[in-house]
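Beneath this line is the structure, given in structure tokens, with notes to follow.
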There are 2 protein chains.
Amino acid sequence: MSRAHATFEIAVDLVVLTVRDGRLAVLLIERGNEPFRGRPALPGGFLRAGEDLLDAAARELAEETGLRGITPDLRQVATYAAPGRDPRGRVATVAYLAILPDLPVPTAGTDAAIARWAPVGPGPDGLAFDHDRILADAVEHARRLLEDTPLATAFCREPFTVAELRGVYEAVWGVALDPRNFHRKVTGVPGYVEPTGDLRSLPTGRPAALFRRGPAEALYPPLQRPRRSLPAPQGD
Amino acid sequence: MSRAHATFEIAVDLVVLTVRDGRLAVLLIERGNEPFRGRPALPGGFLRAGEDLLDAAARELAEETGLRGITPDLRQVATYAAPGRDPRGRVATVAYLAILPDLPVPTAGTDAAIARWAPVGPGPDGLAFDHDRILADAVEHARRLLEDTPLATAFCREPFTVAELRGVYEAVWGVALDPRNFHRKVTGVPGYVEPTGDLRSLPTGRPAALFRRGPAEALYPPLQRPRRSLPAPQGD
DNA sequence: TCTCCATATCGTCGGAGTGACGATAACGGA
DNA sequence: TCCGTTATCGTCACTCCGACGATATGGAGA
């Protein structure tokens, strides 16, 4: 059997998302080496011998964020292997999506690079390699997952209020949601959130009930993001 | 920078689905070489130097099915790279999903192996490598895509009838659908199918109107598969 | 204490979507 | 002509949803 096929290095890149100050943010590092030295990039690293993809993603996440013992759900998003995407040679990268609650600080410096939260905007961010594209794909993936999975609770520290959960949806989808309808829908999905029985007082307003994640792995009925496909009201 | 990372070969495996005789079927080949010689497997091959993933998937599809000029939509499903998944060494594979109308014959023998359509059952099929898992993931992917994308039309040759499209949904989802409600929903989604104005007579029954694919890239409202989460009627 | 404000939570109402299923249409064949 | 079969349209009750009014409950300030 011929062995004439090209060989590759395989990297795992992480799209770590959180919500900070009501805005969606992504964990970025500053590249310390060529290529793209000094440019922001997604954290990631190479797959090691004997290591599976998910293990590598979890290892990189721990190294970049300093998180230990926490196992956030990591979801594979897509794989990119275009020739020329890495000037060093043939490198394929598998992108993973991770969702974290708003941490005090990314605990940078654990590894080689400086990590920081950067707001996710609508346009490109000038990231290294093809990381703009990877980020966009991952964000779109997260937006879809919010609709029919309990992923949004991964953005929140427990216990959380309905308003905090609503803030997650608003930040990720980039839309404003009606607090009353949102409350009705979230509390109406079986197994999505469970009341702890406690309340939390904010600097203003009526105290809010606290919730924890429920056992549901899929949301039914789903929380659909607003669609614009209105029937184009007949002018006149 | 150290270059001590493991190197890999990267393969592209295809999950080519169609509907034959009202049942979901997948294109399988019989392996002609070790490992897993003689075992059925998904068609696929190695990524070549200078080739991108999608190009490799399209090339393999053309080689295995003999299709030329046709560009069915190929969708990346997931990537698998567990150590030991390929006895020959470290091989990562990127799975692609392709949907075809029921072809007369897979036009086997174009490449090295014998290709055939095999029905997709609920259980494992004893495929080589981790292809049982890949197939299951891809089928679940297709089931989801039927809900909110026009993917189902890719199973049909144009023009097609509503009943043929319904047969696709029934085969892929494995459920029976009410013909009247299905007709109402499919023709009610803007841009999903467009009437050609022609009719097709079957050996029996009233002739059916013929349709072609519409311009919609997403279905709204979606055609949701039946959910079982009924409110558990109170026994009493 | 009373008023005001902000947020949380509950209710109401009309419209859209859906599943169950009846009714009718339009063929081929007995 | 009658019948079986499939296609297509209609009806009805129920759910879900978005818009939005009403009420609850805290803190801040008069």
Side-chain angles (χ1 to χ4, degrees), chain A residues 22 146-148 156 159-170 173 175-190 192-211 219-234, chain B residues 22 146-148 156 159-170 173 175-190 192-211 218-233:
Chain A
L146 285 200
E147 298 196 60
D148 53 9
C156 301
F160 50 84
T161 68
V162 174
E164 287 168 355
L165 196 59
R166 177 165 49 86
V168 170
Y169 280 88
E170 292 181 328
W173 285 347
V175 299
L177 300 174
D178 184 278
R180 297 158 293 190
N181 292 335
F182 184 83
H183 188 281
R184 186 209 326 155
K185 289 168 77 165
V186 162
T187 56
V189 177
Y192 190 11
V193 296
E194 298 179 335
T196 66
D198 298 321
L199 299 177
R200 175 185 295 166
S201 286
L202 292 167
T204 181
R206 172 175 168 178
L210 290 171
F211 293 83
L219 306 189
Y220 190 79
L223 281 84
Q224 302 196 339
R225 42 183 159 168
R227 316 274 173 177
R228 350 251 135 261
S229 64
L230 298 179
Q234 300 301 325
Chain B
L146 285 200
E147 298 195 61
D148 54 8
C156 300
F160 50 85
T161 68
V162 173
E164 286 168 355
L165 195 59
R166 176 165 49 86
V168 169
Y169 280 88
E170 292 181 329
W173 284 348
V175 299
L177 301 174
D178 184 279
R180 297 157 292 189
N181 292 335
F182 184 83
H183 188 280
R184 185 207 331 150
K185 290 168 76 164
V186 162
T187 55
V189 177
Y192 190 10
V193 297
E194 298 180 335
T196 66
D198 298 320
L199 299 177
R200 176 185 294 165
S201 285
L202 291 166
T204 180
R206 171 177 169 178
L210 291 172
F211 294 84
L219 306 188
Y220 189 78
L223 282 85
Q224 300 196 338
R225 39 184 161 165
R227 316 274 172 176
R228 355 251 139 259
S229 64
L230 298 178

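So you know, we letter chains A, B, ... as the sequences are listed, proteins then strands, and number each from 1. Hydrogens, waters and symmetry mates are skipped; everything else that's a heavy atom, side chains included, is used.
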Within the 4.5 Å heavy-atom criterion, are Phe211(B) and Pro195(B) side-chain neighbours or not? yes

Please report, rounded to the nearest Å, how far the C1' atom of dC13(C) is from the CG atom of Asn181(A). 12 Å

May I have the distance from Lys185(A) (atom NZ) to dA19(D) (atom C1'), rounded to whole angstrom? 13 Å

Tyr220(A) OH - dC17(D) P separation (whole Å): 9 Å

Starting at atom CD of Glu164(B), determine the distance to atom C1' of dA7(D), rounded to an integer number of angstrom. 13 Å

Which pair of non-hydrogen atoms, one from Pro222(A) and one from Gln224(B), has the smallest distance, and what is that distance? CG-NE2, 4.3 Å

Starting at atom CZ of Phe182(A), determine the distance to atom P of dA8(C), rounded to an integer number of angstrom. 11 Å

Of Gly205(B) and Leu199(A), whose nearest nucleotide on DNA chain D comes first from the 5' end? Gly205(B)

Which atom of Leu223(B) lies closest to which atom of Tyr192(B), heavy atoms considered: CD1-CE2, 4.1 Å

Could you tell me how far apart Arg206(A) (CZ) and dA28(D) (P) are, to the nearest whole angstrom? 18 Å

How would you label the contact of Arg166(A) with the nucleic acid (heavy atoms, under 4.0 Å): base, sugar-phosphate, or nothing? sugar-phosphate

Round to a whole Å and report the spacing from CG of Leu223(B) to P of dA16(C). 19 Å

Along DNA chain D (nearest heavy atom to each residue), the more 5'-positioned of Arg184(B) and Val162(B): Val162(B)

Check: Arg180(B) side chain, dG10(D) base, donor-acceptor under 3.5 Å: no

Looking at every heavy atom in both Phe182(B) and Val162(B), which two are closest together, and how far apart are they? CE2-O, 3.6 Å

Among dG26(D), dA8(C), dG4(D), the one nearest Ala208(A) by side-chain distance: dA8(C)

Quick one: His183(A) NE2 to dT9(C) P, roughly how many Å, whole number? 4 Å

